[in-house]
Amino acid sequence: MDRTVVIAIARIGFAVLTLTAIAVQAASLVGIGRFDAGNFFSYFTILSNVLAASVFLIGAVPGRGAHTKRWELVRVLPSCT
């Protein structure tokens with residue numbers, strides 16, 4: 001299997017895992033009647049996990065391998081200095 005395919009599958013897997021963890025947390029709050037969307041999505045942990053999942057999914061798109069300065073900055077790669 002091609003290396004890029006393996007990396008894309010891993011990125012999708014990590015994105016799904018991250019989004020699943022967020023959904024489980026939200027479901028547990030709904031279950032005890034304490035879910036407030038504004039409060040839930042104001043936590044840095046939730047926001048950073050949503051951002052990380054988004055970066056994983058965008059990075060898994062074929063052709064997204066172009067190393068532009070903007071994309072490296074989003075991924076916080078050291079070569080963008």
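The analysis underlying the following values was restricted to heavy atoms, covering all of them including side chains, and did not include hydrogens, waters or symmetry mates. Not measured: the values here are computed from a predicted model.
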> Roughly how far, to the nearest 0.5 Å, is the CE atom of Met1 from the CD1 atom of Ile7?
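Atom-to-atom, Ile7:CD1 and Met1:CE are 12.5 Å apart.
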
> For residues Ile9 and Val5, determine if any side-chain heavy atom of one lies less than 4.5 Å from a side-chain heavy atom of the other.
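The answer is yes; the side chains approach within 4.5 Å.
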
> Of all the heavy-atom pairs spanning Arg11 and Gly59, show the shortest one and how long it is.
NH1-O, 2.8 Å

> Do Phe35 and Asn39 touch side chain to side chain, with heavy atoms closer than 4.5 Å?
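Answer no - side chains too far apart.
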
> What are the two closest non-hydrogen atoms of Asn49 and Thr18, and how far apart are they?
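Looking at all heavy atoms of both residues, the shortest contact is O-CG2, 3.4 Å.
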
> Do the side chains of Phe41 and Val55 join up, straight or via other hydrophobic residues, at under 4.5 Å, putting them in one cluster?
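Not linked; separate clusters.
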
> Output every pair passing ring pair (Phe, Tyr, Trp, His ring centres under 6.0 Å) with a member in residues 10-33, not counting sequence neighbours, ordered by first then second residue.
Phe14-Phe56

> Over all heavy atoms of both residues, which pair between Val16 and Thr20 is shortest? Give the atoms and the distance, please.
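Shortest heavy-atom contact: O-OG1, 2.7 Å.
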
> Search all heavy atoms of Phe40 against all heavy atoms of Ile46 and return the closest pair with its distance.
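The pair with the smallest heavy-atom distance is O-CG1, 3.5 Å.
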
> Considering non-hydrogen atoms only, spot the tightest contact between Ala53 and Ala15 and give its length.
O-CB, 3.8 Å

> Under a single-linkage definition using a 4.5 Å side-chain heavy-atom cutoff for Ile, Leu, Val, Met, Phe, Trp and Tyr, are Val61 and Val50 assigned to the same hydrophobic cluster?
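Shared cluster, no.
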
